Structures are given as structure tokens and as C-alpha cells.
2 protein chains.
Amino acid sequence: MKRFVEVEQLLRAKGVRLTDQRRLVVRRAVAYLHFTAEELVRDVKGFDPSVARGTIYRTLALLHQAGVVEKHDFRYGPPNYEVTFAKAHHDHLMCVQCGEIIEFQEPRVETLQQAVVKRYGYQLLSHTHKLYGLCRTCQHVDRKRVSLPPTLHVEEVVA
Amino acid sequence: MKRFVEVEQLLRAKGVRLTDQRRLVVRRAVAYLHFTAEELVRDVKGFDPSVARGTIYRTLALLHQAGVVEKHDFRYGPPNYEVTFAKAHHDHLMCVQCGEIIEFQEPRVETLQQAVVKRYGYQLLSHTHKLYGLCRTCQHVDRKRVSLPPTLHVEEVVA
DNA sequence: TACCTAATTGAGACTCAGTCTCAACTATTG
DNA sequence: CAATAGTTGAGACTGAGTCTCAATTAGGTA
């Protein structure tokens with residue numbers, strides 16, 4: 001079955017009223033792996049310019065609340081949405097030069113996270129774990145030519 | 001020696017020209033552990049309202065580039081700056097209810113990160129690792145009363 | 001099937017955080 | 001002390017997202 005049908009069923013089960021606009025937004029969103037809100041706006045408006053920005057943002061929020069998409073901050077540019085519906089948990093590795101995003105799983109990190117929160121008496125609800133680096137290809141290009149965002153080289157730089 | 005004197009020396013060593021405005025911004029910034037840009041703007045303007053917003057943002061960027069402050073996205077509200085000058089590397093654990101931030105060190109996570117990037121042929125440059133949960137106190141209050149940002153319960157929720 | 005009503009929509013004003021421009025000013029160099 | 005390159009203040013501007021509200025519509029009900 002098409003993914004968007006399943007998502008629409010999920011939304012309906014949550015009591016969300018489906019409209020033509022929402023159906024279009026859902027179908028366009030699940031066509032992506034990662035997208036920004038404004039990319040989705042442009043994409044949807046390409047199919048039907050009469051759908052309002054507000055409607056697209058509202059529908060995106062519904063998808064978010066329903067757990068269909070997750071919101072990520074990859075530090076470069078606006079937040080990035082990922083369609084995680086029926087997908088296993090994973091973290092991300094991003095090439096800061098070409099923007100490639102790799103999804104990886106490392107359960108041992110999760111074990112250590114539990115150890116950390118236990119140490120402080122916390123109950124863990126969620127986490128953000130993102131690695132930034134250079135992919136094999138980009139390690140061999142002249143980095144001097146590239147203007148990286150100024151953020152990169154100072155935030156949590158690995159020794 | 002006062003921290004801000006050291007920071008000013010560092011900036012000067014980088015060829016940054018020091019002005020009265022910059023000195024004020026630096027002194028106010030290093031008085032904090034964590035702060036947002038707009039908090040810093042209000043704080044600085046409390047001492048000298050004639051300092052322009054633009055100047056404060058520009059000086060903050062200088063501090064960022066010089067590695068004196070790091071920029072964090074804690075998902076709730078605008079980015080948060082942390083004065084990391086002469087501080088050991090650490091990650092963060094945040095209580096989503098009361099906002100408490102704990103800095104923790106877990107070198108074994110870093111080891112695993114190296115293993116992950118090696119797996120994909122990447123060269124690791126930096127990372128973001130933040131844990132979100134409930135502190136001991138907040139685990140025992142009625143959570144129904146609290147309106148958490150809608151983001152929380154869907155992003156990378158731990159199973 | 002038509003009706004009812006609460007939910008949703010489109011349009012655009014609005015907000016917030018941050019950036020940019022540029023003439024006026026000022027710290028450093030020679 | 002003059003030259004000049006860097007810095008400043010003021011405010012316009014931007015991007016991304018939110019809000020308002022009258023008009024419209026989905027989906028339950030008669």
C-alpha cells in the first residue's frame with residue numbers, strides 16, 4: 001500500500017479531518033526523505049498555488065504531532081523534516097561540504113545515554129545525536145575554496 | 001586574572017580591534033554560562049542603551065569565531081550561547097520541564113563516534129549530542145499541567 | 001441528500017530573530 | 001598628527017514562521 005494512504009489512515013484514526021489541501025500536503029511530504037518547510041511550501045504550491053502557506057505549515061505540524069515526521073536542526077539553514085513513519089530509530093552523520101546525510105544506528109551509544117541519565121537521576125525522553133565531518137570524496141578537495149558557515153569550526157569541535 | 005581580560009587578549013592576538021562597545025559586550029557575555037543573543041542584547045543595553053543591536057550581534061559572532069562561545073540549539077526557543085573559553089569538552093542533558101542543563105562527559109561515546117565515522121569513511125569534525133528528559137524533581141510533578149512544546153515527543157523519541 | 005456545526009481555509013498582517021547598508025566616527029599605523 | 005581601514009548606530013530589510021478572521025467545507029446527523 002502507498003505510504004500516504006497509511007499516513008492518511010493514521011491521521012484519520014487520530015481524529016484529524018482530511019481535506020484536499022491536507023491530502024496534497026501529505027502526499028508531497030511523504031515523497032521526500034528530508035525536506036525543509038519552505039521546500040515543502042514551494043513543492044505544494046507547484047501543484048496547487050492556491051494552497052496557503054499557513055495551511056501547509058499547519059499540516060506539517062499535524063504530521064509532526066502524529067509522529068510521521070521528525071524535525072532536525074542540522075545547524076546549516078532552517079530545520080529539516082524527515083519522514084520517519086515506519087522507520088527504525090537512527091542518528092545522522094552529515095558531510096559539511098557536500099551536505100550528504102547518512103543515517104546510522106549505534107545501539108551502544110544508546111546504552112551509554114541510559115548510563116548518563118541514570119548518573120544524574122534523570123528519566124530519558126529523547127535525544128539529539130549528530131555527527132559532522134567530511135565524506136571520503138570531500139576530504140580530497142581543496143577546502144580553502146569553500147566558504148563554510150562560521151558556526152562549524154567552533155561548536156563542539158572534536159579535539 | 002579576570003576571564004574577560006584573557007578573552008580580550010585572545011581577540012587582540014587574532015587581530016580584532018577592541019572598542020568600548022566590544023569590551024562591554026565581551027564583559028557581559030563572559031558573565032554568563034548560557035545566554036541567548038537577545039538576552040545579551042537586553043543585558044548590554046541595560047548598561048549602555050546606545051550600543052546598537054547590530055554591534056552586539058557582530059561582537060557575538062567574533063566571540064563565536066574566536067572559539068570563546070559555542071552555539072547550541074536546545075530545541076526550545078532561539079539558539080543558546082555557552083561560554084566555553086578554557087573549558088573541557090562536554091555534552092548536555094536538559095530537563096524538558098524545568099530547563100535545568102547538566103554538562104556531562106562520556107568519553108566512551110566519543111570512541112563510538114569515531115567508530116561510526118570510520119565505518120563510512122568520514123573524517124569527524126564535530127558533533128551535537130544532547131539528551132532530553134525529566135530531572136528527579138520533575139518526574140514527580142503532574143505533567144498534565146505543563147504545556148510542552150509539541151516538538152518534544154516526536155523527535156527521536158527513545159523507545 | 002440536505003443540513004448543521006465545528007473545523008479548516010486563504011489572504012495577508014504580523015512577529016521574531018537576525019542581517020545588511022551606509023554615512024559618520026575612531027583605533028591604529030606610518 | 002594625518003591617513004585609512006575598521007567599526008559604529010540607526011533603521012530598513014529579510015526569512016521563517018505565526019496569527020487573525022471572514023468565508024468555506026468535511027463529515028456526522030436527521
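In what follows, every chain begins at residue 1, and chains take the letters A, B, ... in the order their sequences are listed. All figures in this text were calculated on a predicted structure; none of them were measured in a lab.
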Expressed in angstrom and rounded to an integer, what is the separation of [X] atom [atom1] from [N] atom [atom2]?
X	N	atom1	atom2	answer
A:Leu60	D:dA16	CG	C1'	12 Å
B:Leu11	C:dA27	CG	P	16 Å
B:His64	C:dG18	NE2	C1'	15 Å
A:Asp48	C:dT9	CG	P	12 Å
A:Asp20	C:dA7	CG	C1'	15 Å
A:Asn80	D:dG15	CG	P	19 Å
B:Glu39	C:dA17	CD	P	10 Å
A:Lys14	C:dT8	NZ	P	15 Å

Legend entry - Residue whose nearest DNA chain C nucleotide is more 5′ - B:Arg12 or B:Pro79: B:Pro79

Inset, instruction - List in chain and number order the residues that pass ring pair (Phe, Tyr, Trp, His ring centres under 6.0 Å) with A:Tyr57, two or more places apart in sequence or in another chain; answer none if no residue qualifies. - result: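 Ring pair (Phe, Tyr, Trp, His ring centres under 6.0 Å) check on A:Tyr57 returns nothing, list empty.
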
Inset, instruction - Quick one: label B:Thr36 by what it contacts on the DNA or RNA (base, sugar-phosphate, nothing), any heavy atom closer than 4.0 Å. - result: nothing

Legend entry - N/O donor-acceptor pair under 3.5 Å between A:Thr55 side chain and A:Val51 backbone: no

Inset, instruction - Please answer whether the main-chain N or O of B:Arg108 pairs with a side-chain N or O of B:Glu106 as donor and acceptor at a distance below 3.5 Å. - result: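 Yes: the side chain of B:Glu106 pairs with the backbone of B:Arg108.
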
Inset, instruction - May I ask you to verify if any side-chain N or O of B:Tyr57 is less than 4.0 angstrom from the OP1 or OP2 atom of C:dT19? - result: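 Result: no.
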
Inset, instruction - Work out which heavy atom in A:Lys14 is nearest to a heavy atom in A:Gln65; give both atom names and the distance. - result: NZ-O, 4.3 Å

Inset, instruction - Establish, yes or no, whether a centroid distance under 6.0 Å links the rings of B:His89 and B:His129. - result: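 Judged by ring-centre distance (under 6.0 Å), B:His89 and B:His129 do not meet the cut-off.
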
Legend entry - Terminal axis angle for the helix from C:dT1-D:dA30 to C:dG30-D:dC1, five pairs an end, nearest 10 degrees: 30°

Heavy-atom count around [X] [atom1] within 6.0 Å, excluding the residue itself: above 12?
X	atom1	answer
A:Arg119	CZ	yes
A:Lys118	NZ	no
A:Leu33	CG	no

Contacts under 3.5 Å, N or O only, protein and nucleotides 5-7 of chain D:
unit_1: D:dG6; atom_1: O4'; unit_2: B:Arg17; atom_2: NH2; d: 3.1
unit_1: D:dT7; atom_1: OP1; unit_2: B:Arg22; atom_2: NH1; d: 2.7
unit_1: D:dT7; atom_1: OP1; unit_2: B:Arg22; atom_2: NH2; d: 3.4

Legend entry - Ion pair B:Glu38/B:Arg53, N-O distance below 4.0 Å: yes

Inset, instruction - Examine the base of C:dG10 for any acceptor or donor lying under 3.5 Å from a partner atom in the side chain of A:Arg53, and report the outcome as yes or no. - result: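 Donor-acceptor pair under 3.5 Å: no.
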
